[in-house]
Q: 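A single structure is presented below for examination.
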Amino acid sequence: MQSPEHWGGTEPFRILSADGTPVGDPQVGLGADALRDALRRMIVARRLDRECIALQRQGELTVYPGFEGQEAAQIGSAIALGSEDFVFPTFRELAVAMARGVDAVQYLQYHRGTWHGGPYDPRATRFGPICIPIATQIAHAVGHALGTKLDGGSGVTVAYFGDGSTSEGDFHEAANLAGVWQVPAVLFCQNNGFAISVPTAQQTAGEIWRRAEGYGFPGVRVDGNDLLAVYAVTRDAVARARAGEGPTLIEALTYRIGAHSTADDPGRYRGDDEVEAARSFDPIPRLETWLRAEGHVDDAFVTACAEEADAFALATREGVVATPAPPAEWMFDWTYAEPPGGAWARQREEALGG
Amino acid sequence: MQSPEHWGGTEPFRILSADGTPVGDPQVGLGADALRDALRRMIVARRLDRECIALQRQGELTVYPGFEGQEAAQIGSAIALGSEDFVFPTFRELAVAMARGVDAVQYLQYHRGTWHGGPYDPRATRFGPICIPIATQIAHAVGHALGTKLDGGSGVTVAYFGDGSTSEGDFHEAANLAGVWQVPAVLFCQNNGFAISVPTAQQTAGEIWRRAEGYGFPGVRVDGNDLLAVYAVTRDAVARARAGEGPTLIEALTYRIGAHSTADDPGRYRGDDEVEAARSFDPIPRLETWLRAEGHVDDAFVTACAEEADAFALATREGVVATPAPPAEWMFDWTYAEPPGGAWARQREEALGG
Amino acid sequence: MAESWTLSGALNRALLDALDDDPRLLVFGQDVGRSGGVFRVTDGLQAKFGAERVFDTPISEAGIAGAAVGLAFAGWRSVIEMQFDAFSYPALEQVIDHVAKMRERTRGRVDMPITIRIPSFGGIKGKEHHGESPETYYVHTAGLKVVVPSSPLDGYRLLRLAIADPDPVVVLEPKARYWGKEEGELTADGPGIGEGRMLREGDSCAIVSYGSIMARVLQAADALAAEGIAARVIDLRSLSPLDDEMLATAARDTGRIVVVHEAPRTLGMGAEVAARVMELAFDFLEAPVERVTGWDVPYPPASLEERYLPSIERISAAVRKVVAY
Amino acid sequence: MAESWTLSGALNRALLDALDDDPRLLVFGQDVGRSGGVFRVTDGLQAKFGAERVFDTPISEAGIAGAAVGLAFAGWRSVIEMQFDAFSYPALEQVIDHVAKMRERTRGRVDMPITIRIPSFGGIKGKEHHGESPETYYVHTAGLKVVVPSSPLDGYRLLRLAIADPDPVVVLEPKARYWGKEEGELTADGPGIGEGRMLREGDSCAIVSYGSIMARVLQAADALAAEGIAARVIDLRSLSPLDDEMLATAARDTGRIVVVHEAPRTLGMGAEVAARVMELAFDFLEAPVERVTGWDVPYPPASLEERYLPSIERISAAVRKVVAY
Ligand SMILES: Cc1ncc(C[n+]2csc(CCOP(=O)(O)OP(=O)(O)O)c2C)c(N)n1
Ligand SMILES: Cc1ncc(C[n+]2csc(CCOP(=O)(O)OP(=O)(O)O)c2C)c(N)n1
Ligand SMILES: [Mg+2]
Ligand SMILES: [Mg+2]
């Protein structure tokens, strides 16, 4: 089985089948080093994701939304971006953040409850604030891309979002604006099969990638568990955008192996069999198998990745656990660039004096 | 010329060309009487529309949004509905309202500023309140259709909206819900070329009818100035819905010959030449020419229609002008079915006592 | 022996009983069906009443609210859920323009028996957008009624009353109190929409509050009682309409009012309470109405929420201040 | 000789001057480009600055606000228009969650220099949704500033200040006053955001108001002066932040405050003014703060708007009442 039942309809673009055999041309322009690096990133990301779940269970993080199973979709797309590109994520793109060079400890401040949206510097990392209100960040991405276009810049803006997000009005308005303005943007949907408990089939009666045509730009459906395929379609979309040819909508079919978040109990809405089946098209073994067959990686490499992953997870844990609560002044420090006097200033004193 | 420049892209379904010559099969199931009646309705509606503009100029109505040029789109679709069907309109569907049997004087209370949304009884007329917040009524239609489906009823709910309305999040959410719920609904878009001053080409880079595929149901583009074609596609969509086969999106290409409303100055954003060109594909002469060629109507009939139209316009004028301002109690009478006591009741006294 | 109820359980029971009583009642929203809601308030309802009456929706808050309006035209009554406080904002246009006004727009011909459930307020160390107090947006909107239970038994009552009401009612559920317990019989009898509840008697001053923070208000009142300050405690529970009578009596009896809420101060409920108390009983006021509230800043991250939420100390200090005034 | 300006003309000039001064300023919204805006406030700007800087958008209020947020990340400053009061509601989620909070969310790293222009208030015999007073929704939202000019010259000033402000500012334009004239020099100098203006001196009482209805307040004050009642008149002009100082002084000097606005009473600005005045100057108050406001009902149709809007009679009666208290 290459895909769970929820992947009905149009077959996605695919290069590696679930067992790691190429069904398309694997020469996507990633050399052996880059491919190894991609595998390494996936291994490290998954390990960190599991560490975060443990951290949450131990009370060191608040509710945490894992991404196990989505590593190829996230890393395959993220490595197709250049340093001038800019990402507006949801709350589930830790692996993208890492690929963009965002410090994991900084990122996890969000889930530690230390600060909101962007504890990291979104301008320096070119990775926007973590965004929870569903689909709102897509409009930010489109506006940002418009800004780049007006500046004559070469950067591309990528919005990440989930299948459930495509039901929000904000998805639609942003996508339509992207088409009208012909901005250098990529709308990257990770269709991971669920919006919390609601399967994609109950989210829409259509196919998400097909929405693009109604906005006047191309849409593409890709196997989101196939890193090569994800990389290839994202690279093409980014190239189109950079060349001034406008936006692309990518629907990457993947599967959320874990719970929606540590607060969620997926046993209420899906069977273990479904999750077991999903393990058979896990993106990591898929790439690894092929890379081994190609002779690009061996046991030693994979072991080294696992060791690096452990070390990174532990270092991140230490960093997270060591993060102190922020000073109470921060409640008032960032609200306004030009803070009001009067009652507002007195409130500040009342709050901080006490 | 069959279509103004803004009708690019996919050719719409058409039965009568602009000069009244059939280019498709005119046997759409409307007999001679029904066809004559449709022409009569168009003539009467246009005459009333012009009367309303005059009434506004004379201070008898507040701002009025005319529909000249859209008579075939409105009447062609409205006569495809049965008495069990239900319409949720925008603010520009007076001709639909008339075809549904809504009393014109009642309807025009809205524009007289006598009362909001539905001065007529929307349940009795099966014609929902006039709706200004763009695209919001589409969700009402979808909810209403869901209600009918749950009741096992045979009625179909039709939402009317404009080209500009398709850019709102509410259009999208409602359309997607219609697909997911597979409700008996028809989403009828009158693409009249403009949203106030903004031409459709700046409203979206796609084609509106194509949006349907992304929601998992059929979309169709029709020449909205061809009454036969509009009737045929609407009838089919209604039949599909009634048969439990779900929603259809119809994009009817038409042209708003007049201003957006009596407060609008179209000279600021379009040339007279464009409007002149639009007159050459006026829906009324198109149908009339063909009906004359078929021998279904003659001068006497057309003259009788014009006389009826004059009489109706004048009677409506008299009715409108005679409408008194509502009593001030109405401000409080309908806000709540179970009105609060306390401060609210005291406000009522304060307001009405004074 | 009386049963013990959590707020989540009592609300669940209210929905169950209402669905049982009225075959034209629907319950829908994100994750309310198969999974039973993120706070389990709709647990088991789909299994019992079927997926036609209790169903999951796409993530489309405006569409959900708009569909409820259309369903009302078709004679259906709806309970819709907005998953968290801030996620009710995408529906504000539909709620303000139509849910609140449709009855008026149709001159009374089409009622809007729509209940909008919104898990609200902070105190659960939630992430941003999960701890907001949205009441001002709804209370200022004429045509809506707004209620806030602070306990399981009152939760059952208010939700049943909201569903039975022919007008749209926003029910703000104190998410920090979903798992707190109370013993007693579930009943819709008792104080109605528009009536407050006096939770403690007292004549030194009156503390007026609602929602999650009521629990702290009661703790503060108990501590103050030990100091010899007998603070009356009023649970507003109905923010719109407000119980003017109870407020006026409290002002007349005590002359000193402290109002406590989590929402930011400016144009929070405290402003309306202050203005009304002044209108109703100016001559009896011995001290200015004190507002103990969240600050005029965005709801802070988890690690600072205790510096934002009214604390027992802040509440007590305000009471001491008005009493000493 | 000083020029004569309409409010629409002065606002247009403010946009023109701001676009001239700052090449990174954009103006966009529905019909603001080619047609120059339904109230002509953006007339001629696209012709002068090009369709890259002044442009029409699809009908997507949330998308417009969201795009402005993204543009701010890219270092652009935006003036966006919501065509009428009620048509700003579809953007509320973006405005509350992001426009108001993004600076805080990014710990000050990304400012939101966004100006949201909204033609507001009633009095033009408009249809439903065209006469609302949306200020409460914005004023209660921490992170925003909210200003309301009541005259052409102050309109120029406030719009320039709003655009120059590094924080998001909502500018509620009194649409009933777009065509009223005032003579003088256009300048951004003078009272800033956060400051009120005293339009009439007087010590018998103070009438506090803003927006379209200011005109009536002044007429009432003039009529009252003839009766021997010297009412101070305060144009708040900045609803958030409020000019506490001016309110406190007015309360101390007069002991009697009447607040006038079009918005429904419950949780309208009058509630906040009343609560603040009590906090700031309780001991000086000789009478309860009177609220002369719209009723707690939807804005009525044209033929009843005069029964809804505060009239000169209602304003005068309230003043007489507090003075006689
Ligand atoms: C406006 C809004 N409504 C509801 C929610 C609650 N919510 C959080 S995540 C989620 C599901 C999102 O599904 P999807 O877009 O598929 O992303 P995924 O979680 O699968 O990554 C929901 C409904 C929210 N965050 N924002
Ligand atoms: C939410 C909202 N935004 C803006 C407006 C202002 N407005 C009234 S009509 C209109 C244009 C509508 O265009 P379209 O949908 O094409 O319908 P048409 O007027 O052409 O019939 C606009 C923008 C509105 N009524 N509602
Ligand atoms: Mg998903
Ligand atoms: Mg149009």
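Note that the structure is a prediction, hence the values are computed from the model and not measured. Chain letters run A, B, ... following the sequence lines, proteins first, then strands; residues in each count from 1.
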Q: Under a 4.5 Å cutoff for heavy-atom pairs, which residue among A/Ala135, A/Ser165, A/Pro340, A/Gly164 has the most contacts with chain C?
A: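 Most pairs with chain C among the choices: A/Gly164.
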
Q: Please examine the side chains of A/Pro199 and C/Arg34, heavy atoms only from C-beta on, and report whether any two atoms are closer than 4.5 Å.
A: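 Heavy-atom side-chain distance check passes, below 4.5 Å.
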
Q: Quick one, A/Gln203 and C/Thr57 - any side-chain contact, counting heavy atoms below 4.5 Å?
A: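 Counting from C-beta outward, A/Gln203 and C/Thr57 never come under 4.5 Å.
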
Q: Could you check whether any side-chain heavy atom of C/Tyr89 comes within less than 4.5 Å of a side-chain heavy atom of A/Thr136, counting everything from C-beta outward?
A: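 With C-beta onward as the side chain, the pair stays apart.
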
Q: May I ask you to name which of C/Arg314, C/Arg40, C/Glu313, C/Gln30 has the most heavy-atom pairs under 4.5 Å with chain A?
A: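 Highest number of heavy-atom pairs under 4.5 Å: C/Arg40.
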
Q: Using a cut-off of under 4.5 Å on heavy-atom pairs, state which of C/Thr266, C/Thr293, C/Val38, C/Asp31 scores highest against chain A.
A: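 With the most close heavy-atom pairs to chain A, the winner is C/Asp31.
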
Q: Can you measure from OH (C/Tyr308) to CE (A/Met331) and round to the nearest 0.5 angstrom?
A: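 So the OH of C/Tyr308 and the CE of A/Met331 are separated by 9.0 Å.
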
Q: Just give me the residue among C/Ser311, C/Ala302, C/Ser303, C/Gly33 that pairs up with chain A most often, heavy atom to heavy atom, under 4.5 Å.
A: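 Ranked by heavy-atom pairs under 4.5 Å with chain A, first place is C/Ser303.
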
Q: For A/Trp344 and C/Val297, which heavy atoms make the closest approach, and how far apart are they?
A: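 Closest pair (atom of A/Trp344, atom of C/Val297, distance): CZ2-CG1, 3.9 Å.
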
Q: Identify which part of C/Gln83 has an atom lying under 4.5 Å from any heavy atom of chain A, answering side chain, backbone, both or neither.
A: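 Side chain only.
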
Q: Please check if the side chain of C/Arg307 supplies one atom and the backbone of A/Ala328 the other of a donor-acceptor pair under 3.5 Å.
A: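 Answer holds: no.
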
Q: Indicate the atoms forming the closest heavy-atom contact of A/Pro133 with C/Phe87, along with that distance.
A: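 Nearest heavy atoms, A/Pro133 then C/Phe87: CA-CE2, 4.2 Å.
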
Q: When rounded to the nearest 0.5 angstrom, what is the spacing between CZ in A/Phe171 and CD1 in C/Ile59?
A: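 The distance works out to 12.5 Å.
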
Q: In Å, rounded to the nearest 0.5 Å, how long is the span from CG of A/Leu352 to CH2 of C/Trp295?
A: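 If we round to the nearest 0.5 Å, A/Leu352:CG and C/Trp295:CH2 are 8.5 Å apart.
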
Q: Does any backbone or side-chain atom of A/His111 lie under 4.5 Å from a heavy atom of chain C? Answer side chain, backbone, both or neither.
A: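 Answer is both: backbone and side chain atoms of A/His111 are under 4.5 Å from chain C.
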
Q: Which residues pass the ring pair (Phe, Tyr, Trp, His ring centres under 6.0 Å) test with C/Phe121, not counting sequence neighbours?
A: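 Counting only residues at least two positions away or on another chain, C/Phe121 forms no ring pair (Phe, Tyr, Trp, His ring centres under 6.0 Å).
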
Q: Could you tell me which residues in residues 319-326 of chain A have at least one non-hydrogen atom under 4.5 Å from a non-hydrogen atom of chain C, sorted by residue number?
A: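 If one takes a 4.5 Å heavy-atom cut-off, the residues of residues 319-326 of chain A near chain C are A/Ala325, A/Pro326.
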
Q: So which heavy atom on C/Tyr299 is nearest to which on A/His116, and how close?
A: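 Taking C/Tyr299 first and A/His116 second, the nearest heavy atoms are O-NE2, 2.8 Å.
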
Q: Which of residues 122-138 of chain C get closer than 4.5 angstrom to chain A, counting heavy atoms alone?
A: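 Near chain A, by residue number: C/Lys125, C/Lys127, C/Glu128, C/His129, C/His130.
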
Q: Between A/Glu350 and C/Arg265, does any NZ, NE, NH1 or NH2 come within less than 4.0 Å of an OD or OE carboxylate oxygen?
A: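 The answer is yes: the pair qualifies as a salt bridge.
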
Q: Tell me, side chain or backbone of A/Ile196 under 4.5 Å from chain C's heavy atoms, or both, or neither?
A: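 The answer is both parts of A/Ile196.
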
Q: With a 4.5 angstrom heavy-atom cut-off, could you sort out which part of A/Pro327 is near chain C: side chain, backbone, both or neither?
A: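 When you check distances to chain C, only backbone atoms of A/Pro327 fall under 4.5 Å.
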
Q: Do you know which two heavy atoms are closest between C/Ser60 and A/Ser167, and how far apart they sit?
A: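 In terms of heavy atoms, the two residues are closest at OG-O, 2.8 Å.
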
Q: For residues 43-56 of chain C, give me every residue with a non-hydrogen atom less than 4.5 Å from any non-hydrogen atom of chain A.
A: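 Near chain A, by residue number: C/Asp43, C/Asp56.
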
Q: Could you tell me which non-hydrogen atom of A/Tyr269 sits nearest to which non-hydrogen atom of C/Ser35, and how far apart they are?
A: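 Taking every non-hydrogen atom into account, CD2-CB, 4.1 Å.
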
